[in-house]
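Input: a single structure, listed below in structure tokens.
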Amino acid sequence: MAVLQDRAFALLIVLLGLPNCLPMPPPIPLVCGLLLALVAIQIVFGRDAPWLPGTLMNRSLARADVERAVGRAMPAFRRLERFSRPRMTFLDTPLAMRVMGVIILVLALGLLFAPPFVGQIPLGLAVCLVGLGLVERDGLVIIGGLIVGSVGMVLSLGFVYAIFTGLDTFL
């Protein structure tokens, strides 16, 4: 966190979005959504650096796991790196970051109610794109993430609506 300084929030957003880009069992979107909401609230309140609970910060990952994850992610990051460049820099202001915090909070809440196994994928992709756009300072990637996030939110809200309609009909 100390090395990343102002981009630590953006990298945390990407890291919390990545597990949701694949079909995952129900506790993972919930945990990632809650942690992402915690990070988003800190962005909204204008913190300089992210805070996470000590139990999370004191944990380490096995080197083999990190190398495997990096190896899988690098081709996509390289392609994005070729495409991405600082654009639409008005999204890099402190006020815009607070607005991004609100948007990320909404996406995080969407993860909490996403349909199991595949419903979190659009929201996970959206979170990753927004985070990568913040890392690269590329407003176009951020807007792409917001578009994907809108689709994901519609799917999640449809799922919630279907459950409540089914329960209402059942009762």
Side-chain angles (χ1 to χ4, degrees), residues 7 9-47 50 52 69 72-73 75-77 79-81 83-171:
R7 295 192 184 192
F9 279 116
L11 186 62
L12 265 176
I13 292 166
V14 173
L15 290 175
L16 292 169
L18 276 176
N20 296 297
C21 292
L22 299 170
M24 292 288 176
I28 292 176
L30 176 69
V31 170
C32 289
L34 290 172
L35 289 172
L36 191 59
L38 176 65
V39 170
I41 289 169
Q42 293 175 55
I43 293 171
V44 169
F45 285 108
R47 283 189 53 98
L52 289 174
R72 288 183 181 173
F77 284 129
R79 275 180 279 184
L80 183 66
E81 191 74 23
F83 167 75
S84 185
R85 61 184 181 277
R87 290 182 275 212
M88 302 171 76
T89 55
F90 65 89
L91 293 173
D92 196 25
T93 64
L95 177 62
M97 271 305 287
R98 288 180 180 214
V99 171
M100 295 275 56
V102 171
I103 292 169
I104 293 165
L105 181 60
V106 169
L107 292 173
L109 294 175
L111 279 172
L112 299 178
F113 299 105
F117 297 105
V118 295
Q120 82 272 10
I121 292 174
L123 293 170
L125 289 171
V127 168
C128 284
L129 284 171
V130 169
L132 288 170
L134 292 172
V135 168
E136 294 291 329
R137 303 193 192 296
D138 190 343
L140 191 59
V141 173
I142 292 171
I143 290 173
L146 297 178
I147 291 169
V148 173
S150 298
V151 171
M153 287 302 293
V154 167
L155 291 173
S156 287
L157 290 173
F159 177 71
V160 170
Y161 176 76
I163 286 180
F164 280 115
T165 303
L167 287 174
D168 185 45
T169 303
F170 181 70
L171 297 175

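- Contact record, Leu12 with Pro50: CD1-CB, 3.5 Å, taken as the closest heavy-atom pair.
- Considering CD1 of Ile41 and CD1 of Ile104, their distance stands at 12.0 Å, rounded to 0.5 Å.
- The distance from atom CG of Leu129 to atom CD1 of Ile13, rounded to the nearest 0.5 Å, is 12.0 Å.
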Test log, rule side chain to side chain contact (heavy atoms under 4.5 Å, CB included), inputs Ile103 and Leu146: CA-CA 8 Å; Ile103 292 169; Leu146 297 178; 3.3 Å; yes
Check step by step if side chain to side chain contact (heavy atoms under 4.5 Å, CB included) holds for Leu36 and Val127. CA-CA 9 Å; Leu36 191 59; Val127 168; 3.6 Å; yes
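- The side-chain heavy atoms of Val141 and Glu136, taken from C-beta on, include no pair separated by under 4.5 Å.
- Heavy atoms only, all atoms of each residue included: Pro29 and Asn20 are closest at CA-OD1, 3.3 Å.
- Separating the CG atom in Leu123 from the CG atom in Leu155 is a distance of 8.0 Å, to the nearest 0.5 Å.
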Indicate every side-chain donor-acceptor pair of residues 106-121 with a distance under 3.5 Å to a residue at least two apart or in another chain.
from   : atom 1 : to     : atom 2 : distance (Å)
Gln120 : NE2    : Leu22  : O      : 3.0
Gln120 : NE2    : Phe117 : O      : 3.4

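- To the nearest 0.5 angstrom, Met97 atom CE is 9.5 Å from Thr93 atom OG1.
- Contact record, Pro19 with Cys32: CG-SG, 3.8 Å, taken as the closest heavy-atom pair.
- Nearest heavy-atom pair, Gly152 versus Pro122, reported as atom, atom and distance to 0.1 Å: CA-CB, 3.6 Å.
- The line from CG of Leu105 to CD of Gln42 is 11.5 Å long, rounded to the nearest 0.5 Å.
- With sequence neighbours left out, the side-chain hydrogen bond (donor to acceptor under 3.5 Å, both in side chains) criterion links Arg98 to no other residue.
- Looking at heavy atoms from C-beta onward, Leu35 lies out of side-chain contact with Val39 at the 4.5 angstrom threshold.
- Annotation: side chain to side chain contact (heavy atoms under 4.5 Å, CB included) contacts of Val135 (sequence neighbours excluded): Arg7, Ala10.
- Between Ile28 atom CD1 and Leu16 atom CG the span is 12.5 Å, to the nearest 0.5 Å.
- Contact record, Gly17 with Cys128: C-SG, 3.4 Å, taken as the closest heavy-atom pair.
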